[in-house]
Amino acid sequence: MSIDNIVLLLAVLLGLVALLLAVHLSENRKDRAKKQQLNSYEKILDQVGAYIYVKDVKGRYVYGNQLTLDYFGVTLEQLKGTTDNYYFSPVVAEILQRNDRKVLSQQQKMSDDIFVDNNGLHKVFHEVKQPLFDEKGKLIGLIGISTEITDEFNLRSELEQLANSDPLTDLYNRRSYSVFSEHEFTKAKRISSPLSMMIIDIDLFKNVNDTFGHLVGDEVIKRVASICDKHIRETDILARIGGEEFAILLPDTDIESAFKLAERLRVAQQTHKAEDDDLPSITISIGVSSLQNNDNSFNDMFARADKALYLSKHVGRNSVNVA
Ligand SMILES: Nc1nc2c(ncn2[C@@H]2O[C@H](COP(=O)(O)OP(=O)(O)OP(=O)(O)O)[C@@H](O)[C@H]2O)c(=O)[nH]1
């Protein structure tokens with residue numbers, strides 16, 4: 001090999017080393033840049049008001065943002081490799097892990113509301129989980145984002161409760177009564193079980209208002225509701241369906257039993273001792289009906305009970321009729 005060739009080879013090798021060094025250096029810089037980028041992403045995630053976490057395919061935590069770490073009371077190093085069993089009751093952990101398995105097996109995003117009992121405090125979280133894949137498309141775990149929705153959930157429940165109940169008596173309102181009735185009507189027809197109902201109307205209630213005032217009238221309505229409530233079964237549905245009008249749906253009850261209950265209610269309202277609450281005495285009229293073979297909808301039954309109530313009023317009130 002001539003000197004010229006050796007010099008040339010050396011030059012080429014030096015060039016290669018220089019290139020390798022340059023690549024290596026730039027790799028380090030890239031790594032550092034990547035690390036810096038990751039750090040700043042993590043800092044951003046720490047400021048998000050949501051619990052963000054990453055789990056591997058076995059459901060073990062790989063990452064959790066600061067909110068998650070604070071909630072679990074661990075550092076990131078302590079979090080790594082742990083599972084939900086460390087942080088939640090067995091029931092909640094099972095729900096969370098079932099959701100993880102669903103996301104991982106179906107490789108699809110999912111969301112769920114989770115109820116957690118945290119040292120006696122009931123909290124509700126909305127969680128969204130999504131599968132994670134590497135650059136080659138291989139499943140490597142999942143990412144989850146949970147937000148606490150306890151306040152929103154409680155508000156929603158309260159609004160639902162308000163929409164379904166009567167604020168004066170706390171009984172179901174007419175709307176709820178219709179929903180329950182339709183449901184029970186369909187069920188009773190399907191399994192051929194008896195179903196009865198009654199409509200109760202306070203007699204001459206206008207006189208109560210006119211004589212004692214509207215507030216006393218309200219208290220009387222509440223007392224009527226409470227007396228009815230004491231006489232019915234758990235499965236019966238008592239509702240206030242109008243101003244001084246109530247209805248009771250009686251699943252699994254034939255017409256004779258419904259009539260007997262109506263009589264008991266009528267007597268109970270009439271004999272309620274005035275000294276018990278200083279409120280004026282009242283009487284009630286009742287119309288009773290039962291499911292018949294040719295009924296097409298619950299309205300047919302309701303219309304018969306209404307007709308029977310009209311009869312009770314017509315014969316002088318304080319009575320029970322069946323139609
Ligand atoms: N205090 C009070 N009164 C109500 C309420 N809703 C309806 N009413 C009153 O109930 C009365 C019902 O009167 P009517 O429909 O004439 O019937 P009634 O006086 O009970 O007579 P009969 O039904 O024929 O026995 C009216 O005076 C309404 O103002 C309520 O929430 N509170």
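In what follows, residues are counted from 1 in the order of the sequence shown. Just so you know, ligand 1 is whichever comes first in the structure, and atom 1 is the first atom listed for that ligand. Here the structure is a predicted model, which means the values were calculated and not measured.
- Aromatic ring centres of F88 and F72 lie closer together than 6.0 Å.
- Under the 6.0 Å cut-off for aromatic ring centres, Y51 and Y71 qualify, their centroids lying closer than that.
- In summary, the aromatic rings of Y172 and Y177 are positioned with their centroids too far apart to meet the 6.0 Å limit.
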### Message
The test is side-chain hydrogen bond (donor to acceptor under 3.5 Å, both in side chains); show your working for R240 and N173 and say whether it passes.
### Response
CA-CA 5 Å; R240 183 176 176 217; N173 61 14; over 6 Å; no

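- Annotation: F115 is not in aromatic contact with F125 [ring centroid separation under 6.0 Å not met].
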Protein N/O near ligand 1 N/O, under 3.5 Å, which pairs?
unit_1, atom_1, unit_2, atom_2, d
ligand 1, 1 (N), N209, OD1, 3.0
ligand 1, 1 (N), H214, O, 3.1
ligand 1, 1 (N), D218, N, 3.4
ligand 1, 1 (N), D218, OD1, 3.0
ligand 1, 3 (N), N209, ND2, 2.9
ligand 1, 19 (O), F205, N, 3.1
ligand 1, 19 (O), K206, N, 2.9
ligand 1, 20 (O), I202, O, 3.1
ligand 1, 20 (O), L204, N, 3.3
ligand 1, 20 (O), F205, N, 2.7
ligand 1, 20 (O), E244, OE1, 3.3
ligand 1, 21 (O), L204, N, 3.4
ligand 1, 23 (O), D201, OD1, 3.1
ligand 1, 23 (O), K313, NZ, 2.9
ligand 1, 24 (O), R317, NH2, 3.1
ligand 1, 25 (O), L204, N, 2.8
ligand 1, 25 (O), K313, NZ, 2.8
ligand 1, 25 (O), R317, NE, 2.8
ligand 1, 31 (O), R240, NH2, 2.6
ligand 1, 32 (N), D218, OD1, 2.6

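- For the atom pair CD (Q97) and OG1 (T83), the distance works out to 5.5 Å, reported to the nearest 0.5 Å.
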